[in-house]
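For reference, the structure discussed in these notes is given below.
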Amino acid sequence: MRVTDDQVATLRAQLKGNLTEHRRLLRELDPDEANVGYAALIAAAFIEAAERRFIRNGKTADESEVIEFVARVRETDDEMPEIINPELAESMIMHLLEKGTTIEADENTKLGHQIVLLTFMIGEEKLNESELEEFLSSARSLADELIE
Amino acid sequence: AQSDPEIEPTGQEPETSAPDSDAGTPADEPDSQQSTDGGHTSPEAVTQDGEKSSPYGDQGTESDKKAPESENGETVQHLDPSDRRSDPTREEDEPGKELTPQDENTTEVEEPSRFAGRVTILVDSDGKPIPERRHTETDDPNRGELRHPEDDRFSRDYQARAPERRSRRRDFLREFVTRADDTRDAADAVSKPAQRGLERVQPTGQSSGARPGPDQAGPREQPVKAGSALIGGVGMAIVLTEAIRYGIRSAKGMMEREHAGNR
Amino acid sequence: MDYSRVRIREENILALRSFLLEGPEAWLPLQDQMQKDDETAAGYMSLLFGAFNVAVYRKFSPTYTVGQIVRFVADLRSRLGKDAHLVHPLVAEDLIRRALSAPPPKDGGPDEVLPVLQAQVLILMHLVDEADFDRAGLEQFIDDTVTFTEKWLATRRAESTEVTDQVSPQPTPSRNE
């Protein structure tokens with residue numbers, strides 16, 4: 001199995017801010033394939049985005065920067081503090097920076113955190129079209145390594 | 001009473017949502033052909049039998065080419081997605097898909113794991129993976145073909161990525177990939193809030209009034225977090241223990257140093 | 001806890017003043033007399049609790065948003081550097097929201113004395129430091145704290161007339177002022 005074009009298109013729509021299109025594509029994904037391919041794509045995109053955001057020129061961000069980023073996400077509106085658990089969010093990023101371990105959470109919650117956090121990270125990067133495509137390609141490649 | 005509001009009152013700010021449009025600026029390249037993957041993520045596996053595979057192939061838009069078929073000769077295991085339910089515990093030792101044939105640590109998984117598989121990549125004499133269609137004579141970005149990594153803003157990081165890091169990414173992926181019962185539903189639930197990450201507006205939120213001053217009304221009836229133990233002997237003991245003392249002393253020291261600098 | 005036996009006395013107020021000026025180290029020489037029993041300890045600890053409530057109220061008056069609470073806790077934890085782990089973010093946000101009559105968050109973190117006290121004390125000390133009281137300001141703050149705490153204890157006494165030694169949690173009326 002590999003990540004499908006539809007799955008990439010679904011994530012692309014999310015990251016381009018096309019919410020209606022994204023939700024339509026999401027509904028149309030094959031559920032069993034999505035459980036494998038889309039989950040892998042999201043995780044890969046999260047890893048990719050976190051590396052680009054928090055590891056620059058070989059230098060790893062410190063905990064304060066991670067705390068600051070998660071706070072920016074959670075202060076966005078009144079709902080976000082309920083959606084994003086700061087301990088979980090910070091631990092996920094710190095895990096990727098090899099400075100900690102992800103805390104326990106259920107699968108839905110982890111997926112939700114990956115999606116929200118990666119969208120915020122990409123949003124801050126302000127990618128143009130081709131940069132977004134490179135990002136998606138990179139995430140797709142990484143995901144394929146796992147699921148093929 | 002001396003009250004000393006240290007924040008300005010914030011009224012409710014109107015929430016302006018971003019138009020439903022591209023997150024980025026118009027593409028730099030007028031001919032905007034999608035570039036193929038620039039080899040940022042290259043597994044270092046060596047092909048086992050000289051056959052080419054194409055993890056880097058055909059990754060344009062959905063209207064473009066589709067992913068190559070596995071009949072190209074990849075030695076892959078095809079998974080039946082429904083098998084994942086027969087594997088309630090995630091197997092951490094999967095087939096060594098990213099390992100060279102000489103690697104002794106390759107293990108075979110007993111039950112089908114959701115993400116078991118194997119990738120074979122053709123590499124050149126420098127050990128760098130060769131994507132499927134690479135035209136080395138021209139590396140013109142406008143052609144949408146593979147660029148030099150150094151020219152690519154995000155590929156610069158690739159140069160800094162040691163092989164250990166690339167292998168580590170695959171480990172991370174294995175650890176991070178989720179196994180929701182319905183990934184689509186879980187993704188849909190956050191799709192709207194996630195959009196806030198693409199908007200360029202100030203934080204919004206409803207203003208609430210702080211509770212009446214302590215001299216005006218009685219304390220609230222909300223239960224004390226952690227209950228009466230907080231203010232009893234247990235709480236006292238904790239305040240006096242090393243754990244807090246150390247933490248607060250160092251924190252207070254830090255604050256005092258900050259403070260001294262402000263005087 | 002027998003709230004009818006908890007009193008705020010002069011020595012409690014003196015101890016509060018020392019705590020605010022010097023931190024918990026100031027209490028170490030006094031620990032034997034402070035820890036005699038729950039009710040004696042409560043004379044001191046309830047004032048700490050009161051001080052926390054007063055300081056938070058002043059900080060987030062007259063109006064606040066949940067986002068500002070998030071930001072405050074994150075900034076405090078960033079400032080603590082390697083000690084950031086001493087402030088559990090959900091516990092801290094929960095404590096602040098309770099102090100402001102805000103609806104508590106769905107997930108307020110662990111309901112245990114240690115993380116609650118760590119967050120409470122660190123937030124209190126940070127706010128006191130930030131306020132940079134002069135002598136009159138400190139006395140006013142202490143007065144407000146004593147007033148608050150007396151009222152708080154009176155409520156606890158009234159609640160616990162029929163209860164042995166634990167406060168029975170009251171349902172939270174939703175009050176948005």
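Here is how names work: the chains are called A, B, and so on, in the same order as the sequence lines, proteins then strands, and each is numbered from 1.
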Side chain, backbone, both or neither: which part of A/E65 has a heavy atom under 4.5 Å from chain C?
-> neither
Go through C/G67, C/A74, C/S78, C/P105 and name the one with the most non-hydrogen pairs under 4.5 angstrom from chain A.
-> C/S78
Determine the minimum heavy-atom distance between C/A84 and A/I67, stating which atoms define it.
-> CB-CD1, 4.1 Å
Between A/E82 and C/D107, which heavy-atom pair has the shortest distance, and what is it?
-> OE1-N, 4.4 Å
Using a cut-off of 6.0 Å, state whether more than 12 heavy atoms not belonging to A/K99 lie near its atom NZ.
-> yes
Take A/E68 and C/D75, measure what side chain to side chain contact (heavy atoms under 4.5 Å, CB included) needs, and give me the verdict at the end.
-> CA-CA 7 Å; A/E68 166 62 27; C/D75 285 349; 4.2 Å; yes
Part of A/E63 within contact of chain C (heavy atom distance under 4.5 Å) | side chain
Distance from C/K82 atom NZ to A/D62 atom CG, nearest 0.5 Å?
-> 14.0 Å
Closest heavy-atom contact between C/V70 and A/A71?
-> CG1-O, 3.9 Å
